[in-house]
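Source: prediction; values computed, not measured.
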Amino acid sequence: MSSSKRYRSFNHHLREIFGEKVIKVALDAGLSCPNRDGFLSYGGCIFCSEKGSGDFAGNRSFSIKDQFHEVRQRTIKKWPKAKYIGYFQSFSGTYGPPQQLKTIYEEALKQKDVVGISISTRPDCLAPEILDILDELNRKTYLWVELGVQSVHEHSLVWMNRGHDFPCFIRALEELRKRNIRVCAHIILGLPCENRSEMMETALTMARLPIQGIKIHSLHILAGTPLAEIYRQKDLQLLSMQEYIDLVVDILEILPQDLVIHRLMGDGPSHLVLEPQWTRRKWEVLNGIDYELERRDSYQGRLFQNV
């Protein structure tokens, strides 16, 4: 648990591991996604932007080296002694020819002060040969694989056009854990097709699984996405900021204390966010979560034994 937070933040976890500030550098490896390139679908998940949820990643027309250097130059004045994690954020970070993937991962690791890799991907993009590459990578560096599950409910996965079911996530998790690879699961709160109890069921399921980290995202509607078109045609019921804060704190209370909290809300480029407008105020939301934990005199894992 962080000395300044009532939950186990990713920042605190990294300081425990490396003893200093570690910065994630979002990179775009120029990959695609089976849910966009026609292998499964051309539409993609309904919430996904044209940058494959990597709106804050580097420019894919640049090399991995140049993308990394650009970010490092922006941060070096504030954190001159920081270390870095190469974060393959855009689209599906394990979707490509194995040798190409191995090359880009190794290119990131070659950069100055890089101490690890984080790869965001889908559970259906982990073929045996890809798992072998990840296994090798995990043996020589600090590695996270971030898996999008979003929800445990089949009707929600269909509504989002995910293109895979929840058992697919379980199989991927099992294969990664066989290789002792750290797994961070992504879930979304605020899906209009779910009620509060369904969102809590997703969180309860995550609490019982052998994952090592979690990202909790707030649903936000970005211009140019399929969800934006649905929003234009229908009156979607979205969470208010206070509803979201209360729900996140309820979830933190039931998660195990050693689970690393990578993120507590999702955010998109302000000029693209249509709704909810409060998702533009990221720090206000995060401060609200801290305040609610203090108000309850609560903390991550307080109710875990009762799950």
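Annotation: Tyr7 is not in aromatic contact with Tyr299 [ring centroid separation under 6.0 Å not met].
Comment: Arg171 does not engage Glu174 in a salt bridge, judged by the lack of any side-chain N to carboxylate O separation of less than 4.0 angstrom. Using a 4.0 Å cut-off between charged side-chain N and carboxylate O, Glu136 and Lys102 make a salt bridge. Under the 4.0 Å criterion applied to side-chain N and carboxylate O atoms, Asp297 and Arg6 are assigned as salt-bridge partners. Using a cut-off of 4.0 Å between Lys/Arg side-chain N and Asp/Glu carboxylate O, Lys81 and Asp113 are scored as not salt-bridged. In summary, Arg15 and Glu20 do not engage in a salt bridge, as defined by a charged side-chain N under 4.0 Å from a carboxylate O. A salt bridge does not link Lys110 to Glu106: none of the charged side-chain nitrogens sits closer than 4.0 Å to a carboxylate oxygen.
When the options Lys24, Lys21, Glu16 are evaluated for a side-chain hydrogen bond (donor to acceptor under 3.5 Å, both in side chains) with Asn11, the one that passes is Lys21. Each of Ile214, Leu173, Val183 was scored for a side-chain contact (heavy atoms from CB on, under 4.5 Å) with Leu209, with one residue passing: Leu173.
The nearest pair of heavy atoms linking Arg36 to Cys48 is NH1-SG, 3.5 Å. Of all the heavy atoms in Ile85 and Ser118, the pair that sits closest is CG2-N, 3.7 Å. Nearest heavy atom pair, residue Leu157 against residue Ser151, reads CD2-O, 3.6 Å. Cys125 approaches Ile130 most closely through the heavy-atom pair O-CG2, 4.2 Å. Leu259 and Gly213 make their closest contact through CD1-N, 3.5 Å (heavy atoms, listed as atom of the first residue, atom of the second, distance). Arg8 and Gln257 get closest at one heavy-atom pair: CD-O, 3.6 Å.
Atom NE2 of His153 is surrounded by more than 12 heavy atoms from other residues, nucleotides or ligands within 6.0 Å. Counting non-hydrogen atoms of other residues, nucleotides and ligands closer than 6.0 Å to CZ of Arg296 gives a total above 12. Counting heavy atoms of neighbouring residues, nucleotides and ligands inside a 6.0 Å radius, atom CD of Gln237 does not exceed 12 of them.
A side-chain donor-acceptor contact under 3.5 Å links Glu146 and His186. A donor-acceptor contact closer than 3.5 angstrom is absent between the side chains of His262 and Gln212. In summary, the side chains of Thr279 and Tyr244 do not present any donor paired with an acceptor at a separation below 3.5 Å, with no hydrogens or angles considered.
A cation-pi arrangement is absent between Lys83 and Phe18 under the rule of less than 6.0 angstrom and at most 45 degrees off the ring axis.
One hydrophobic cluster, built from ILVMFWY side chains closer than 4.5 Å, holds both Leu239 and Leu227. Hydrophobic cluster membership differs between Tyr105 and Val22, with clusters built from Ile, Leu, Val, Met, Phe, Trp and Tyr side chains linked at under 4.5 angstrom. Hydrophobic clustering (side-chain heavy atoms under 4.5 Å, transitive across Ile, Leu, Val, Met, Phe, Trp, Tyr) groups Ile230 together with Leu219.
In terms of the salt bridge (charged side-chain N to carboxylate O under 4.0 Å, His left out) criterion, residue partners of Glu175 (sequence neighbours excluded) are, by chain and number, Lys178, Arg179. Residues forming a salt bridge (charged side-chain N to carboxylate O under 4.0 Å, His left out) with Asp290 (at least two apart in sequence, or on another chain): Lys5.
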Task: Derivation of the side-chain hydrogen bond (donor to acceptor under 3.5 Å, both in side chains) call for Ser298 and Arg302 - done: CA-CA 7 Å; Ser298 192; Arg302 184 176 70 86; 2.8 Å; yes
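In this structure, His13 and Tyr142 have tilted ring planes: the angle between them lies in the 30° to 60° band.
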